[in-house]
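Reminder, nothing fancy here: chain letters follow the sequence lines and each chain counts from 1. Remember, it's a predicted structure, so these values are computed and weren't measured experimentally. The figures that follow rest on heavy atoms only: side chains count, while hydrogens, waters and symmetry mates do not.
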Amino acid sequence: MAKFYVEDRQIVIPGDLLAEGRDVLVTTPYIYKSGDKFYATIAGLVQVNPEEKRLNLVPLEGAYLPRPGDVVIGVIIDVGLTYWVLDIKAPYTAILYASEALTKPFNPVQDDLRRYYSVGDYLVAKVLSFDRTKNPLLTIKDKGLGRITRGVVVDIKPSRTPRVVGKKGSMLNMLMSETGCNIVVGVNGRVWVRCPSKELEDIVVLAIKKIESEAYTTGLTDRVRMFIQEEKKRLEQS
Amino acid sequence: MKGKTKLIKKDGTRLDGRKPDELRPVRMEVGVLKNADGSALVEMGRTKVIAAVYGPREIHPKHLTLPDRAILRCRYHMAPFSTTDRKSPAPSRREIELSKVIREGLESVVFTELYPRTTIDVFIEVLQADGGTRTAGITAASLALADAGIPMKDLVAGVAVGKVNGILVLDINEVEDEYGEADMPVAMMPSFGEITLLQLNGVLTPEEFEEALKLAEKGIRQLYEHQKEALRKKYSLQKEEV
């Protein structure tokens with residue numbers, strides 16, 4: 001017997017009683033179980049599926065926690081003998097070993113990693129592994145990964161990245177088709193924007209900031225589209 | 001002078017016109033600081049406290065790291081301008097003690113095991129002090145933690161109960177604390193009814209203690225509603241759609 005005290009897509013805060021019952025399926029670490037009762041531990045949106053007795057909670061705030069397979073954008077903050085240390089906006093710094101970046105064998109006696117990437121470089125990378133006992137490991141040996149050489153990187157809240165992508169990528173596709181820019185979203189809250197012109201780049205940055213501040217409002221995709229079209233019109237007139 | 005000063009008027013109200021079981025006017029706001037991961041401002045009458053939360057983040061110095069959970073660091077501090085006589089900004093014995101009890105009051109609600117090897121830093125700054133700063137501080141800190149998106153069992157709210165002229169009064173201010181017979185700060189997780197902070201200064205009989213605790217719980221439940229409202233307000237403009 002499962003009983004739900006919240007509606008689907010309702011905003012909850014820590015301590016809110018969400019459901020009661022033995023057969024409730026919880027798919028997030030952000031729900032606390034005490035006896036047969038389920039409580040929210042974080043401010044977020046609940047997703048309730050009464051038929052399947054499923055309960056999920058999407059956080060509205062919070063740090064980025066790496067998961068294997070995530071594409072992230074990191075900044076190099078230190079260079080070791082055989083590895084780089086990257087800030088990926090997570091509570092833990094990430095490690096990129098030379099073997100996961102270079103195609104040929106690397107010998108630290110003869111070579112210096114700074115010749116390839118140095119402090120301050122932005123890299124698009126993929127999380128190889130992370131289990132909280134060890135810092136996350138990254139790789140850039142895949143298609144579309146590597147150093148960022150042009151365009152801008154926009155910092156947003158990590159919890160807002162799903163909104164920049166949108167349902168099945170709707171927001172992202174709209175942004176790209178409206179402006180002709182190339183956009184890569186790092187799930188850790190960094191967005192890389194490459195545009196044909198500086199002016200378009202500025203418009204996209206403003207649009208992303210708008211998405212960040214107005215996330216979780218309805219009809220956002222259409223409003224952002226209107227915003228971009230208006231800005232483009234203004235650009236043509238000047 | 002203790003106990004002799006008249007703090008309850010003839011009509012049974014207190015010096016500031018409140019009934020014995022009445023809170024001071026409360027104002028709470030979430031997300032007041034841009035640089036912090038989470039922040040909150042709590043005002044209880046003339047007491048004004050701001051809290052900022054940073055983290056989970058890497059620990060410096062490194063040797064404090066715990067392999068299985070995050071550490072919680074807490075600093076309660078009174079601004080030099082918070083009192084009528086300038087307070088030295090250096091941490092006093094009292095502030096170090098309050099930092100500790102507030103930290104322990106929060107440790108039991110925060111799920112530190114979700115972020116091993118990191119730290120969660122809580123800064124509580126008293127801007128204006130008029131009694132009940134530690135309880136206002138813990139109330140603000142729990143709001144700031146929720147604002148930072150740190151998982152916790154429940155919000156924590158706190159209030160002090162005092163005894164003045166033989167009468168138990170809720171949410172005592174500076175004067176009532178100074179000239180009253182007892183001061184008992186209490187903080188609780190309202191959803192679970194668990195106490196996370198309890199101190200007692202002065203003398204209460206066992207019966208009075210029981211009654212004082214009930215009075216505190218009543219006040220805490222009211223504060224909890226304010227807390228929930230403050231947090232919900234932040235998201236009231238942002239509804240639905242993921």
Side-chain angles (χ1 to χ4, degrees), chain A residues 7-17 28-35 37 39-47 56-65 87 89-93 131-135 157-160 162-163 165-167 171 212-221, chain B residues 30-31 36-39 53-59 65 67-70 109-111 113-120 142-157 188-194 224-225 227-242:
Chain A
E7 286 165 35
D8 196 33
R9 299 190 173 285
Q10 190 181 323
I11 289 172
V12 294
I13 56 175
D16 277 356
L17 181 61
T28 164
Y30 300 121
I31 290 177
Y32 169 73
K33 193 181 176 208
S34 169
K37 290 179 173 167
Y39 296 91
T41 67
I42 209 166
L45 280 171
V46 270
Q47 295 177 332
N56 191 26
L57 185 56
V58 182
L60 288 171
E61 307 288 340
Y64 165 68
L65 270 186
D87 165 43
K89 299 222 301 182
Y92 313 92
T93 52
D131 63 359
R132 290 182 208 199
T133 57
K134 276 191 181 155
N135 280 21
K157 279 185 185 171
S159 56
R160 302 288 195 261
R163 205 65 194 85
V165 178
K167 273 184 198 135
M171 181 73 85
E212 187 196 10
S213 63
E214 293 173 26
Y216 310 110
T217 53
T218 42
L220 184 59
T221 313
Chain B
V30 164
D37 294 319
S39 59
V53 167
Y54 291 82
R57 61 181 180 182
E58 286 204 327
I59 302 181
T65 309
D68 60 336
R69 62 195 150 95
V109 291
V110 177
F111 290 104
E113 64 275 13
L114 282 170
Y115 303 99
R117 301 182 293 125
T118 61
T119 179
I120 298 164
S142 92
L143 273 180
L145 282 167
D147 182 38
I150 291 165
M152 45 194 207
K153 205 170 152 187
D154 195 3
L155 295 171
V156 179
M188 287 176 84
M189 308 178 212
S191 295
F192 297 88
E194 288 174 36
Y224 186 47
E225 293 307 314
Q227 280 183 313
K228 289 207 270 193
E229 197 191 304
L231 270 176
R232 290 233 162 84
K233 202 171 144 197
K234 191 185 158 197
Y235 299 110
S236 62
L237 300 169
Q238 319 177 341
K239 260 193 240 147
E240 296 177 17
E241 213 168 318
V242 179

Chain A contact via B/L145 - side chain, backbone, both or neither, heavy atoms under 4.5 Å: neither

Counting only non-hydrogen atoms closer than 4.5 Å, does B/P56 touch chain A with its backbone (N, CA, C, O), its side chain (CB onward), both, or neither? both

Return the minimal non-hydrogen interatomic distance between B/D154 and A/G15, and the atom names on each side. OD1-CA, 3.4 Å

Excluding sequence neighbours, so at least two apart, what forms side-chain contact (heavy atoms from CB on, under 4.5 Å) with B/T65? B/I59, B/R117

Separation of B/I150 CD1 from A/I42 CD1 (nearest 0.5 Å): 8.5 Å

Do the non-hydrogen side-chain atoms of B/K228 and A/D16 ever get within less than 4.5 Å of each other? yes

A/K134 versus chain B, the contacting section by heavy-atom distance below 4.5 Å: backbone

With a 4.5 angstrom heavy-atom cut-off, is it the side chain or the backbone of A/A40 that approaches chain B, or both, or neither? backbone

Part of A/L65 lying under 4.5 Å from any heavy atom of chain B: side chain

Side chains of A/Y92 and B/Y115, heavy atoms from C-beta outward: is any pair under 4.5 Å? yes

Taking all atoms of both residues into account, what is the closest heavy-atom pair of B/Y224 and A/P14, and its distance? OH-O, 3.9 Å

Please work out which of the three classes, parallel, tilted or perpendicular, describes the rings of A/Y32 and B/F192, given edges at 30° and 60°. perpendicular

Any non-hydrogen side-chain atom of B/D37 less than 4.5 Å from a side-chain atom of A/E61? no

Report, as yes or no, whether the 6.0 Å neighbourhood of atom CD on B/E225 holds more than 12 heavy atoms from other residues, nucleotides or ligands. yes

Do B/E58 and A/N135 make a side-chain contact, defined as non-hydrogen atoms from C-beta onward lying under 4.5 Å apart? yes

Okay, A/S34 and chain B: the region with an atom under 4.5 Å from a heavy atom over there is side chain

Gap separating the OG1 atom of A/T93 from the CZ atom of B/R57, nearest 0.5 angstrom: 14.5 Å

Residues forming a side-chain hydrogen bond (donor to acceptor under 3.5 Å, both in side chains) with B/T119, sequence neighbours excluded: B/R73, B/D121

